[in-house]
Amino acid sequence: MESLKHGAVTVIDVRHLNEWSAGHIDGAAHIPLGRLEGRLAEIPREKPVVMQCQGGARSMIGASILKAHGFDRVINLQGGYGGWAGAGLPTTTK
């Protein structure tokens, strides 16, 4: 969480818009999985990228896409948004 707070990582939320709108990690960028390959230029390569979905499956696919396109510091958030919110970590709907 400290890495996110200080901008040391980029968090990409690959969930659908309705999931994102219901709540997301503050500071995360929303790029739905189906649009990820077309929006790779929006993702900074100079710092680690944390991929996140609801439970971890879609973000794992997203992480594989990034790695296939030369991103070398990609992390799949274990437990996804559900685990994050369930642990009482900060979320937002803004």
Side-chain angles (χ1 to χ4, degrees):
M1 185 167 109
E2 288 301 312
S3 294
L4 176 60
K5 191 186 300 185
H6 297 293
V9 299
T10 299
V11 178
I12 305 294
D13 186 325
V14 297
R15 298 177 301 153
H16 298 290
L17 181 58
N18 62 333
E19 294 172 291
W20 167 267
S21 298
H24 54 272
I25 296 172
D26 195 21
H30 182 232
I31 304 178
L33 182 59
R35 296 197 170 111
L36 184 61
E37 269 191 297
R39 295 179 58 187
L40 294 174
E42 298 174 34
I43 304 171
R45 292 178 179 262
E46 63 273 1
K47 56 186 173 180
V49 179
V50 177
M51 300 301 292
Q52 172 258 305
C53 66
Q54 188 63 34
R58 287 175 286 177
S59 57
M60 187 178 302
I61 295 167
S64 294
I65 290 169
L66 291 186
K67 289 178 182 180
H69 286 277
F71 287 81
D72 58 355
R73 296 184 293 165
V74 183
I75 302 159
N76 184 33
L77 181 64
Q78 294 295 319
Y81 177 77
W84 180 277
L89 296 168
T91 64
T92 187
T93 57
K94 297 179 184 178

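Computed from a prediction, not measured in an experiment: that's the story for all the values here.
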Do Val14 and Gln52 have side chains that get closer than 4.5 Å, going by heavy atoms? no
d(Asp13 CG, Ile31 CD1) to nearest 0.5 Å is 10.0 Å
- Task: Consider only side-chain heavy atoms of I, L, V, M, F, W and Y, link residues closer than 4.5 Å, and tell whether Ile65 and Val74 are in one cluster.
- Result: yes
Taken in chain and number order and not counting sequence neighbours, the residues that satisfy ring pair (Phe, Tyr, Trp, His ring centres under 6.0 Å) with His30 are Trp20
* If Ile, Leu, Val, Met, Phe, Trp and Tyr residues are connected whenever their side-chain heavy atoms lie under 4.5 Å apart, and connections chain through other members, are Met60 and Val11 in the same group? -> no
In short, Thr93 meets Ala22 closest at the heavy-atom pair CG2-O, 3.5 Å
TODO: Measure the shortest side-chain to side-chain distance between Ile12 and Val50 over non-hydrogen atoms and say whether it is less than 4.5 angstrom.
DONE: no
Distance-only check: which donor-acceptor pairs under 3.5 Å involve side-chain atoms of residues 33-44, not counting sequence neighbours?
{"residue": "Glu37", "atom": "OE2", "partner": "His69", "partner atom": "NE2", "Å": "2.7"}
{"residue": "Arg39", "atom": "NE", "partner": "Glu42", "partner atom": "OE1", "Å": "3.3"}
{"residue": "Arg39", "atom": "NE", "partner": "Glu42", "partner atom": "OE2", "Å": "2.8"}
{"residue": "Arg39", "atom": "NH2", "partner": "Glu42", "partner atom": "OE1", "Å": "2.9"}

Correct closest heavy-atom pair for Ser59 and Cys53 would be N-SG, 3.3 Å
One should read off an interatomic distance between Asp26 CG and Leu89 CG, to the nearest 0.5 angstrom, of 12.0 Å
Residue pairs meeting salt bridge (charged side-chain N to carboxylate O under 4.0 Å, His left out), one or both in residues 51-70, sequence neighbours left out, come to Glu19-Arg58
dist Ser21:OG -> Arg15:CZ (nearest 0.5 Å) comes out at 9.0 Å
Q) Is Ile25 reachable from Ile75 through a run of I, L, V, M, F, W or Y residues, each pair having side-chain heavy atoms under 4.5 Å apart? A) yes
Is there a side-chain contact between Thr91 and Tyr81 in this structure, where contact means two heavy atoms from C-beta onward sitting under 4.5 Å apart? yes
#### Entry: Side-chain donor/acceptor of Asn76 to backbone N/O of Gly56, under 3.5 Å
yes
Taking every heavy atom of Pro48 against every heavy atom of Ala8, the minimum-distance pair comes out as CD-O, 3.4 Å
Between Met51 and Leu77, is there a side-chain heavy-atom distance shorter than 4.5 Å?
no
- Query: Looking at side-chain heavy atoms only, is the closest gap between Arg73 and Val49 below 4.5 Å?
  - Reply: no
